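Input: a single structure, listed below in structure tokens.
Excluded from the calculations below are hydrogen atoms, water molecules and symmetry mates; all remaining heavy atoms, backbone and side chain alike, are included. As the structure is a computational prediction, the values presented were derived from the model and not from experiment.
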Amino acid sequence: MLSIKQGDSFSLPIRFYDADTKLGMNISDEMIISSQIANSAGQIIATPSVSKLAETGMILLEVSASITQQWKVGQAQLDIKLVINNSVRHSQTLSFNIERSITA
């Protein structure tokens, strides 16, 4: 399972694949990619920024350290959704652990 320490920047690369070709999907401006992170109580604790990377099909989800330092230790879930022409083409939820930062 993925883990992040409180106060670390959250940076997660994600690749979208074309179901037919099994190759990286060409990410266009018409695609809407959204993501949110919720804690174990279901409260939204972050909305990651989404940026397109140079490699085909790759995006980067990021949350700054100033936000993650406020996160409580425990389990969290990242939800990501890809919408094309008002139709959800991909939706996925990933679980990860938030660990206590020991070093100040």
**Q.** Met25 side chain near Met31 side chain, heavy-atom distance below 4.5 Å
**A.**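 With C-beta onward as the side chain, the pair touches.
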
(Q) If you define the side chain from C-beta out and look only at heavy atoms, does anything of Glu62 sit under 4.5 Å from Pro48? (A)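 No, too far: nothing below the 4.5 Å cut-off.
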
(Q) Using side-chain contact (heavy atoms from CB on, under 4.5 Å), reason through Phe96 and Ile37 one step at a time and then give a plain yes or no. (A) CA-CA 10 Å; Phe96 65 95; Ile37 298 173; 3.7 Å; yes

In terms of hydrophobic clusters joined by side-chain contacts under 4.5 Å, are [X] and [Y] together?
{"X": "Ile80", "Y": "Leu2", "answer": "yes"}
{"X": "Ile84", "Y": "Ile59", "answer": "yes"}
{"X": "Val50", "Y": "Ile27", "answer": "yes"}
{"X": "Ile98", "Y": "Leu94", "answer": "yes"}
{"X": "Ile14", "Y": "Met58", "answer": "no"}

Q: Verify, without hydrogens or angle tests, whether Ser40 (side chain) and Ala76 (backbone) share a donor-acceptor contact under 3.5 angstrom.
A: no

For the residue pair [X] and [Y], what are the closest heavy atoms and their distance?
{"X": "Ser35", "Y": "Leu61", "answer": "OG-CD1, 3.9 Å"}
{"X": "Glu99", "Y": "Val73", "answer": "C-CG2, 4.1 Å"}
{"X": "Gly7", "Y": "Thr68", "answer": "N-OG1, 3.2 Å"}
{"X": "Thr56", "Y": "Arg15", "answer": "O-NE, 3.4 Å"}
{"X": "Trp71", "Y": "Gln6", "answer": "O-NE2, 2.7 Å"}
{"X": "Pro13", "Y": "Leu60", "answer": "N-CD1, 3.6 Å"}

Straight-line distance of [X] [atom1] to [Y] [atom2], nearest 0.5 Å:
{"X": "Leu78", "Y": "Phe10", "atom1": "CG", "atom2": "CZ", "result": "5.0 Å"}
{"X": "Ser95", "Y": "Asp79", "atom1": "OG", "atom2": "CG", "result": "10.5 Å"}
{"X": "Ile4", "Y": "Ser101", "atom1": "CD1", "atom2": "OG", "result": "10.5 Å"}
{"X": "Asn86", "Y": "Ile32", "atom1": "CG", "atom2": "CD1", "result": "6.5 Å"}
{"X": "Thr93", "Y": "Lys81", "atom1": "OG1", "atom2": "NZ", "result": "11.0 Å"}

Q) Quick one: do the Ser11 and Ser9 side chains pair a donor with an acceptor below 3.5 Å? A) no

(Q) Test of understanding: with side-chain contact (heavy atoms from CB on, under 4.5 Å), list the residues that count as partners of Gln70, not counting sequence neighbours. (A)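 For Gln70, no residue satisfies side-chain contact (heavy atoms from CB on, under 4.5 Å) once neighbours in sequence are set aside.
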
Q | Neighbour count >12 (heavy atoms, 6.0 Å) for atom CZ, Arg89 | A |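 For Arg89, atom CZ is not crowded (no more than 12 foreign heavy atoms under 6.0 Å).
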
